[in-house]
Every structure is written in C-alpha cells, then in structure tokens.
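Worksheet: one structure, shown below.
One-based numbering along the sequence shown.
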Amino acid sequence: MKPLYINTTRLNIRHLALSDLSDFMTYRSNPEVTKYQGFDVMTTEQAEEFIKDNSTKYFGNAGEWVQYAIENSATGKLIGDCAIKLDLYDIRIAEIGITISHLEQRKGYAKEVLLGILAFLFDEIKIHRVVEIVDAENRASIQLLKSIGFREEGHFIENIFFKGKWGSEFQYAMLKREWNELRENSKK
C-alpha cells in the first residue's frame, strides 16, 4: 500500500513520523486542545507509541482510524493531525477528525485541511458521504463545518460518557453531490 499524501496551499497531510514527536507533544499534552477530543492529554511514551502505531497503518482499511500529520509546508513543522476512517460496513462512507495545535489556531489551517481531505475523499477516492461527529460545546468546530457546507443531521443528547461526565454531540455530514454543488457554485 502506498502512503497517503495530500498537498494543500500551505500544508502537507502525510503519515506521522517519530521526528514529529516534539511538535506532537506540544499540543497533545495541552488540556485545552484535548478538551473536546475523544482522547485525553498524552505522556511522551503514549505519544511515541501512538505515532509508531499510526505510521504502520494505511488508508483504506474498513473500520480503522488512521491518524495523519498536518505539516506546515514552509517550515516543515507539525501543526496538528487529522484522522480518516472508512466505515466498517460500507467503504463509500468516511468519518474524519482534525486537531490543530493551540499555537496554530485561527490561521485558517483547519479549513484548509478539511477542504483538502474532502477533495481527496470525494474527487479521488469517490467517497459517497463524509461524516464528522463534534462535541455539542465545540462552537469553533461547529462553525467551521457549517462554513464549509456540512449539514447538521443529528443532535445526540448525553450520548457519550466522556472525561468523567455525560456529553452531547452533533453529527454533520456532506454527500458527494453536495460537494460537487459547492464546487460548481464557487466557480460562478
């Protein structure tokens, strides 16, 4: 299998490498960054194991999350990571997630990554549907999804026991035809 590599204007989405460990720990050890994530802060040992594990995974295995590095192409620094999972029962459906370092937020990187991943999934892989699950309190991510054209499909009330308390989530999704319509409308 060949490694996933997506280029955007300012970023490279690629496999994680052990050389990313220091930058990875900068944000993965920050409780504010992990506040709405399905993971908690990591120790250096946990982060190293996580990177080693994900560096051996490849895109395309149904039901398997694969975490990728988000690298600033100008500096070569890791500024975050993202994940893609194809549905276990139908690989035409994908779920995605993004984490951006607290040092790199509010620079448009999350939107750029999301658009790059969507272009890859819809245009190259021909995915039918992309889903994003977001914590109901994560206003920045909700706004980002709406700004790109994701549709809210569901609001799940206290559906997940998360970091010691019950949490609520929204499900957003986009279909390939909706992506195509957005692309056509942006050309007008």
Side-chain angles (χ1 to χ4, degrees), residues 1-17 36-39 50-71 73 78-100 108-136 138 140-157 159-160 162 167-188:
M1 293 184 134
K2 104 180 178 188
L4 180 133
Y5 198 82
I6 301 170
N7 289 351
T8 68
T9 305
R10 301 177 292 167
L11 306 169
N12 300 317
I13 300 166
R14 57 163 176 78
H15 270 88
L16 283 163
Y36 300 120
Q37 301 285 5
F39 53 83
F50 182 84
I51 289 171
K52 283 180 184 175
D53 182 50
N54 276 276
S55 67
T56 63
K57 294 179 181 179
Y58 291 91
F59 173 81
N61 293 324
E64 180 178 63
W65 279 107
V66 184
Q67 209 81 21
Y68 299 100
I70 303 169
E71 174 188 73
S73 55
L78 184 77
I79 63 155
D81 55 83
C82 57
I84 305 171
K85 177 182 81 167
L86 298 181
D87 187 83
L88 181 59
Y89 302 105
D90 191 337
I91 61 168
R92 297 169 297 181
I93 300 170
E95 187 175 346
I96 58 176
I98 299 172
T99 303
I100 300 291
Y109 291 137
K111 189 170 194 171
E112 189 172 329
V113 168
L114 196 50
L115 290 171
I117 292 171
L118 291 172
F120 168 73
L121 291 173
F122 286 132
D123 300 338
E124 291 182 42
I125 306 301
K126 308 299 185 207
I127 292 288
H128 172 69
R129 172 182 166 82
V130 174
V131 176
E132 170 85 28
I133 306 293
V134 61
D135 189 291
N138 191 343
S141 291
I142 292 167
Q143 197 55 40
L144 171 64
L145 293 169
K146 288 178 177 180
S147 77
I148 288 175
F150 273 79
R151 237 176 331 89
E152 181 185 321
E153 290 188 325
H155 184 189
F156 306 104
I157 311 296
N159 65 312
I160 184 169
F162 180 70
S168 300
E169 296 175 312
F170 287 110
Q171 177 172 302
Y172 284 84
M174 184 182 290
L175 299 173
K176 180 168 177 37
R177 67 178 162 75
E178 293 169 324
W179 170 255
N180 291 340
E181 289 166 15
L182 290 169
R183 302 275 294 236
E184 281 302 312
N185 290 338
S186 70
K187 293 177 187 176
K188 293 179 182 175

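Heavy-atom minimum distance, S73 versus T9: OG-O, 4.2 Å. The minimum heavy-atom distance linking S55 with H15 is given by the pair O-CD2, 3.9 Å.
You'll find the side chain of I160 reaches within 4.5 Å of the side chain of E169, heavy atoms only. Side-chain contact between Y58 and P3: present, with at least one pair of heavy atoms (C-beta onward) separated by less than 4.5 Å. Residues I96 and L121 form a side-chain contact, since some pair of their non-hydrogen atoms from C-beta on lies under 4.5 Å apart. Using a 4.5 Å cut-off on side-chain heavy atoms (C-beta onward), C82 and I13 make contact. You'll find the side chain of R151 stays beyond 4.5 Å of the side chain of M174, heavy atoms only. Here the side chains of F122 and N180 are not in contact, with every heavy-atom distance at 4.5 Å or above. With contacts defined as side-chain heavy-atom distances shorter than 4.5 Å, the pair I100/I70 qualifies. Residues N7 and L11 form no side-chain contact, since every pair of their non-hydrogen atoms from C-beta on lies 4.5 Å or further apart.
With hydrogens and angles left out, the side-chain atoms of N12 and E71 include a donor and acceptor closer than 3.5 Å. Defined by atom type and a distance below 3.5 Å, a donor-acceptor pair is present between the side-chain atoms of W179 and D123.
A donor-acceptor pair is defined here as one N or O able to donate and one able to accept, closer than 3.5 Å; such a pair exists between the side chain of E178 and the backbone of L175. Put simply, the side chain of N61 never gets that close to the backbone of E64: no donor and acceptor are under 3.5 Å apart.
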(Q) Go through it in stages, so that I can follow the logic: the residues are F150 and L118, the test is side-chain contact (heavy atoms from CB on, under 4.5 Å), and I'd like the CA-CA distance, side-chain angles, deciding distance and then a yes or no. (A) CA-CA 11 Å; F150 273 79; L118 291 172; 3.7 Å; yes

Q.
Checking I6 against L4 for the side-chain contact (heavy atoms from CB on, under 4.5 Å) test, could you report, in this order, the C-alpha distance in whole Å, the side-chain angles of both residues, the deciding distance, and whether it holds?
A. CA-CA 7 Å; I6 301 170; L4 180 133; 3.9 Å; yes

(Q) Test ring-ring contact (aromatic ring centres under 6.0 Å, His included) on F120 and Y5; report intermediate values, then the result. (A) CA-CA 10 Å; F120 168 73; Y5 198 82; over 10 Å; no

Q: Before giving the answer on side-chain contact (heavy atoms from CB on, under 4.5 Å), spell out for Y68 and N54 the whole-Å C-alpha distance, their side-chain angles and the decisive distance to 0.1 Å.
A: CA-CA 8 Å; Y68 299 100; N54 276 276; over 6 Å; no

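Atom NZ of K146 sits about 6.5 Å away from atom CD of Q143, to the nearest 0.5 Å. Rounded to the nearest 0.5 Å, atoms CD1 (I98) and OG (S141) are 8.0 Å apart. Note: S147 OG to I142 CD1 = 12.5 Å, rounded to the nearest 0.5 Å.
Of the candidates D81, I84, I51, Q67 forms a side chain to side chain contact (heavy atoms under 4.5 Å, CB included) with just one, namely D81.
Residues that satisfy the side-chain hydrogen bond (donor to acceptor under 3.5 Å, both in side chains) test with D87, not counting sequence neighbours, are absent from this structure. Partners of E112 under the side-chain hydrogen bond (donor to acceptor under 3.5 Å, both in side chains) rule, at least two apart in sequence or in another chain, are T8, R10. Residues forming a ring pair (Phe, Tyr, Trp, His ring centres under 6.0 Å) with F170 (at least two apart in sequence, or on another chain): H155. Remark: A69 engages R14, L16, D20, L78 in a side-chain contact (heavy atoms from CB on, under 4.5 Å) (not counting sequence neighbours).
Contacts classified as salt bridge (charged side-chain N to carboxylate O under 4.0 Å, His left out) and involving residues 50-60 (residues at least two apart or in different chains) are given here: E48-K52, D53-K57.
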For residues 127-134, please give each side-chain donor-acceptor pair under 3.5 Å, one per line with the distance, not counting sequence neighbours.
| unit_1 | atom_1 | unit_2 | atom_2 | d |
| --- | --- | --- | --- | --- |
| R129 | NH1 | E153 | OE2 | 2.9 |
| R129 | NH2 | E153 | OE1 | 2.6 |
| R129 | NH2 | E153 | OE2 | 3.4 |

